Amino acid sequence: MKNKELAWIFARLGDALEIKGESGFKIIAYRKAARILEDLTEDIEAVAQEDRLKEIPGIGSGIANKIDEYLQTGQIKKYREVVSRIPEELLDLLEIQNLGAKTIHVAHQELGVKTLDDLKKVIEDGSLAKLYGLGEKKVENIKKGIEIYEQAQERIPIFEALNIVEEVIAHLKKAPQIGRLSPAGSLRRMKETVGDIDILATGKNGSRVIKHFIQFPGVNRVLAAGETKGSVMISTERGERQVDLRIVDEPAYGAALQYFTGSKAHNIKLRAMARSKGLKISEYGVFKGQKKIAGFDEKEVYKVLGLPLIPPELREDRGEIELALKSLLPQVVDYSDIKGDLHVHSLHSDGHMSIEDLAGLARAMKYEYIAICDHSQSVKYAHGLSPERLLKQIKEIQELNQRYKSFRILKGIEVDILQDGQLDFPDKILKELDIVVAAVHKGFKKKVTERILKAMENPLVTAIAHPSGRLISRRDGYEVDLEKVLQGAKNKGKALELNAFYDRLDLNEFYLRKAKEMEIKICIGTDTHYPAGLQMMRLGVGIARRGWLERKDILNCRGYKELIRNK
DNA sequence: GCCGTTTTCGGCCCGACTGTTTTCAGTCG
């Protein structure tokens with residue numbers, strides 16, 4: 001797929017034009033095209049071949065021609081023309097806070113700045129501050145921006161962000177002046193990683209709430225503490241994390257929550273829509289002329305635009321507004337729809353809980369079932385089960401199940417897909433099980449696609465676990481053609497896993513949505529080895545919602561009987 | 001460069017903050 005390459009080119013083109021000082025709207029158009037290509041689930045080459053490029057909203061004849069040009073010749077003339085005149089490193093400087101395209105442009109023109117080092121020099125020798133429109137304070141801010149840029153904070157995994165926000169919110173609830181309170185930003189939209197942590201609240205006395213906020217025990221540094229905004233750095237074992245709190249007036253809470261939840265693209269489309277109806281949306285409310293007609297809660301804001309409340313996880317301008325207008329929005333899955341966890345490990349392999357304890361935890365979570373899927377024999381490092389040990393485990397499960405009236409432990413396995421695509425156990429063993437999840441754990445570069453396709457030919461396989469193999473913070477994943485895996489799953493009627501382990505989240509939201517479009521079933525499993533890990537199901541549900549999944553798309557939204565019947 | 005239930009031309013999201021160019025440009029979210 002060339003989608004990402006093209007997205008990158010258009011984003012760079014936008015940056016380059018901005019530094020050149022070209023018209024703002026052209027830049028916006030290129031950046032929008034970049035985002036659309038980044039989000040697109042279809043292969044852009046297929047779209048181009050069928051001459052449908054211009055059907056994609058945001059892509060007109062100019063960009064469509066450039067996409068065609070790239071697909072045919074491997075380059076875009078316009079891009080080469082524009083970018084060749086600008087030093088590559090100059091584009092990267094746009095990421096520095098408090099330093100924008102205009103300043104980069106004059107620094108380049110007037111002082112010959114080409115690199116970060118050049119920039120530092122003109123700051124030190126005072127020549128930058130002497131430029132028209134700049135001054136000492138501005139340069140001081142740019143200097144701070146460079147510092148932050150150089151110790152570039154990596155993004156925060158959603159799991160960690162959720163834990164932090166939970167603690168901070170618990171702390172904020174103790175402030176006597178606090179009113180309504182919610183996470184906002186990409187955290188509320190459940191993006192798999194977030195840049196910082198945003199919280200929105202109302203309160204009778206803003207500055208007192210902020211004062212309480214900055215007394216949170218984990219606070220390391222206070223960046224700002226005014227009447228409406230507080231910003232702190234919290235120290236965690238992985239470094240400092242930024243948490244922002246905004247206080248708004250009670251009547252504007254809904255509008256502010258809508259605004260601060262984003263995404264930016266979603267909000268821009270919403271505002272354009274409002275404008276065409278003669279309305280104006282801001283973080284203070286929806287206005288008709290001077291008159292405020294909505295803003296107390298989010299539902300109201302959407303309602304005056306003729307829309308149902310769009311779930312935060314869908315707010316990415318990926319077609320949700322258009323569908324909402326036609327009342328065709330998917331009824332995305334809710335955490336309460338989940339009837340069980342379909343992938344957990346016990347003491348029998350490398351987990352840290354007995355099967356009995358796992359069952360107890362699952363019952364406390366109001367699940368109807370839990371599937372024990374320990375590793376198979378060839379995964380030595382995880383103490384994988386031999387056939388004999390598996391049979392023993394099956395017996396233990398059968399005995400335990402006699403205790404429960406309305407709860408079931410499912411006999412399962414996470415069976416390895418070996419180097420030749422064979423499974424780690426013969427069929428006569430797999431036949432004894434309720435659920436068979438097949439997974440690659442070795443040979444990440446060795447014919448992974450073929451091996452997975454072969455594994456799916458076995459009728460006893462229920463699903464493929466963590467199909468891409470990526471670890472968000474550590475590795476990209478297998479050399480695997482997921483398009484082919486999806487097609488294979490469709491052909492063979494196999495489910496694919498949404499592994500909810502915080503560092504996997506695999507399949508990701510884009511492939512989930514594609515799987516849904518192909519009517520492939522998804523099973524969500526936490527893959528946990530520890531008690532607390534069962535809670536990662538909430539992450540799984542969040543990502544499932546971002547993939548537009550509904551109850552009917554997810555195997556573990558089925559009750560026990562239906563699940564087993566359709567296995 | 002994109003787009004059309006006002007439009008094939010003339011618009012394109014909104015507001016806050018900051019610093020500097022004392023009236024607004026640049027940057028951010």
Side-chain angles (χ1 to χ4, degrees), chain A residues 10-11 13-14 16-19 21-37 53-67 76 78-79 82 93-107 128-142 144-145 148 184-187 189 194-198 200 223-224 226-229 231 242 244 246 248 252 255-287 295 301 305-306 317 321 325:
Chain A
F10 288 128
L13 190 50
L17 288 173
E18 189 176 24
I19 289 174
E22 280 217 24
S23 121
F25 295 112
K26 205 184 275 189
I27 296 160
I28 289 171
Y30 280 125
R31 288 187 177 152
K32 192 174 170 190
R35 188 186 56 79
I36 289 163
L37 284 164
L53 286 175
K54 282 195 275 183
E55 288 173 24
I56 303 173
I59 305 227
S61 48
I63 289 178
N65 287 339
K66 289 184 180 66
I67 293 174
I76 295 174
K78 165 109 180 173
Y79 176 76
V82 174
L93 301 185
L94 276 173
E95 283 176 37
I96 296 171
Q97 294 240 328
N98 307 320
L99 175 69
K102 294 284 182 333
T103 311
I104 294 176
H105 177 71
V106 292
L128 186 67
K130 291 201 187 83
L131 290 180
Y132 186 76
L134 280 101
E136 271 182 33
K137 285 195 177 169
K138 283 207 168 182
V139 170
E140 199 48 44
N141 283 334
I142 293 169
K144 276 186 202 152
I148 294 171
S186 47
L187 172 64
R189 301 202 311 281
V194 303
D196 59 11
I197 295 167
D198 294 312
L200 185 76
L223 304 177
E227 285 180 23
T228 61
K229 187 181 168 182
S231 185
Q242 186 171 339
D244 292 342
R246 280 168 199 278
V248 297
L257 185 57
Q258 196 289 318
Y259 172 75
F260 286 113
T261 297
S263 68
K264 189 172 177 180
H266 174 91
N267 285 356
I268 287 175
K269 183 158 275 181
L270 225 53
R271 286 169 185 214
M273 226 177 93
R275 175 182 268 264
S276 73
K277 288 174 181 275
L279 304 174
K280 189 184 69 169
I281 307 184
S282 75
E283 58 264 52
Y284 301 106
V286 185
F287 296 87
V301 173
L305 296 172
D317 187 25
I321 294 175
L325 275 171

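Source: prediction; values computed, not measured. Within every chain, numbering begins at 1; the chains are lettered A, B, ... in the order of the sequence lines, protein sequences first and strands thereafter.
- Atom-to-atom distance recorded for A:Glu18:CD and A:Ile27:CD1 is 5.0 Å, nearest 0.5 angstrom.
- A heavy-atom distance below 4.5 Å is not found between the side chains of A:Glu136 and A:Val139.
- Within 4.0 Å (heavy atoms only), A:Ile59 reaches sugar-phosphate atoms of the nucleic acid but no base atom.
- Listed by first then second residue, pairs satisfying side-chain hydrogen bond (donor to acceptor under 3.5 Å, both in side chains) with a partner in residues 95-106 of chain A number zero, not counting sequence neighbours.
- Within the nucleic acid shown, A:Lys280 comes within 4.0 Å of sugar-phosphate atoms alone, with no base atom in reach, counting heavy atoms only.
- Residues A:Leu279 and A:Lys229 both approach DNA chain B. Their nearest nucleotides, taken by heavy-atom distance, put A:Leu279 toward the 5′ side.
- Between B:dC17 and B:dC13, the two P atoms lie 22 Å apart (nearest whole Å).
- Protein atom CD of A:Glu140 is 11 Å distant from nucleotide atom P of B:dT20, rounded to whole Å.
- B:dG10 and B:dT6 have their C1' atoms separated by 12 Å, with the value rounded to a whole Å.
- Here B:dT18 presents its C1' atom at 12 Å from CG of A:Leu134, a figure rounded to the nearest Å.
- Between B:dC3 and B:dT8, the two P atoms lie 16 Å apart (nearest whole Å).
- A:Glu283 has its CD atom 9 Å from the C1' atom of B:dG29, to the nearest Å.
- Contact annotation: A:Tyr284 reaches the phosphate of B:dA16 (side-chain N/O to OP1 or OP2, under 4.0 Å).
- A:Asp198 has its side chain out of reach of A:Leu187: every pair of non-hydrogen atoms, C-beta onward, lies at least 4.5 Å apart.
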Its contact letters, B for base, S for sugar-phosphate only and - for none at protein heavy atoms under 4.0 Å, make nucleotides 5-12 of chain B read -------B
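- A 3.5 Å limit on both hydrogen-bonding distances identifies no Watson-Crick or G-U partner for B:dT8.
- B:dG11 and B:dT7: their P atoms are spaced 13 Å apart (whole Å).
- For B:dC14 and B:dC9, the C1' atoms lie 24 Å apart once the distance is rounded to whole Å.
- Going from atom CD1 of A:Ile28 over to atom P of B:dC13 covers 7 Å, rounded to whole Å.
- If you take OH of A:Tyr79 and C1' of B:dG1, they are 18 Å apart, rounded to a whole angstrom.
- Within a 6.0 Å sphere centred on CD of A:Glu22, heavy atoms belonging to other residues, nucleotides or ligands number more than 12.
- Nucleic acid contact for A:Glu22: none, since no nucleic acid atom lies under 4.0 Å from a heavy atom of the residue.
- For B:dG29 and B:dT23, the P atoms lie 29 Å apart once the distance is rounded to whole Å.
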In a table with atom names and distances, give each donor-acceptor pair under 3.5 Å that connects a side chain of residues 275-282 of chain A to protein atoms at least two apart or in another chain.
{"residue": "A:Ser276", "atom": "OG", "partner": "A:Met273", "partner atom": "O", "Å": "2.7"}
{"residue": "A:Ser282", "atom": "OG", "partner": "A:Tyr284", "partner atom": "N", "Å": "3.0"}

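- With sequence neighbours excluded, the residues satisfying salt bridge (Lys or Arg N to Asp or Glu O under 4.0 Å) with A:Arg35 are A:Asp39, A:Asp317.
- Atom P of nucleotide B:dG29 and atom CD of A:Gln258 are separated by 18 Å, given to the nearest angstrom.
- On the P atoms, B:dG26 is 14 Å away from B:dT22, given to the nearest whole Å.
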Please list every donor-acceptor pair under 3.5 Å in which a side-chain atom of residues 259-268 of chain A meets a protein atom from a residue at least two apart or in another chain.
{"residue": "A:Thr261", "atom": "OG1", "partner": "A:Arg188", "partner atom": "NH1", "Å": "2.8"}
{"residue": "A:Thr261", "atom": "OG1", "partner": "A:Leu257", "partner atom": "O", "Å": "2.6"}
{"residue": "A:Ser263", "atom": "OG", "partner": "A:His266", "partner atom": "N", "Å": "3.2"}
{"residue": "A:Ser263", "atom": "OG", "partner": "A:Arg315", "partner atom": "O", "Å": "3.1"}
{"residue": "A:His266", "atom": "ND1", "partner": "A:Glu320", "partner atom": "OE2", "Å": "2.7"}
{"residue": "A:His266", "atom": "NE2", "partner": "A:Tyr302", "partner atom": "OH", "Å": "2.9"}
{"residue": "A:Asn267", "atom": "OD1", "partner": "A:Gln258", "partner atom": "NE2", "Å": "3.0"}
{"residue": "A:Asn267", "atom": "ND2", "partner": "A:Tyr259", "partner atom": "O", "Å": "3.0"}

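- Side-chain contact between A:Glu283 and A:Val248: absent, with no pair of heavy atoms (C-beta onward) separated by less than 4.5 Å.
- Nucleic acid contact class of A:Lys54 (heavy atoms, under 4.0 Å, all strands): none.
- If you find the closest nucleotide of DNA chain B to A:Thr228 and to A:Gly60, the one lying nearer the 5' end belongs to A:Gly60.
- Atom CD1 in A:Ile197 sits about 16 Å away from atom P in B:dG29, given to the nearest Å.
- Following rounding to the nearest Å, A:Arg246 (CZ) and B:dC28 (P) show an atom-to-atom distance of 15 Å.
- Heavy atoms of A:Tyr30 sit under 4.0 angstrom from primed sugar atoms or phosphate atoms, though from no base atom.
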Identify all pairs in which a protein N or O lies below 3.5 Å from an N or O of nucleotides 23-27 of chain B, and state each distance.
{"residue": "B:dT27", "atom": "OP1", "partner": "A:Gly100", "partner atom": "N", "Å": "2.7"}
{"residue": "B:dT27", "atom": "OP1", "partner": "A:Gly100", "partner atom": "O", "Å": "3.4"}
{"residue": "B:dT27", "atom": "OP1", "partner": "A:Thr103", "partner atom": "N", "Å": "3.4"}
{"residue": "B:dT27", "atom": "OP1", "partner": "A:Thr103", "partner atom": "OG1", "Å": "2.5"}
{"residue": "B:dT27", "atom": "OP2", "partner": "A:Lys102", "partner atom": "N", "Å": "3.3"}

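- At least one side-chain nitrogen or oxygen of A:Lys66 sits closer than 4.0 Å to the OP1 or OP2 atom of B:dG1.
- Side chain of A:Asn141, nearest nucleotide from B:dT18, B:dG15, B:dG1: B:dT18.
- By the 4.5 Å heavy-atom criterion applied to side chains, A:Leu93 and A:Ile19 are not counted as neighbours.
- A:Leu94 and A:Gly100 make their closest contact through CD2-C, 4.2 Å (heavy atoms, listed as atom of the first residue, atom of the second, distance).
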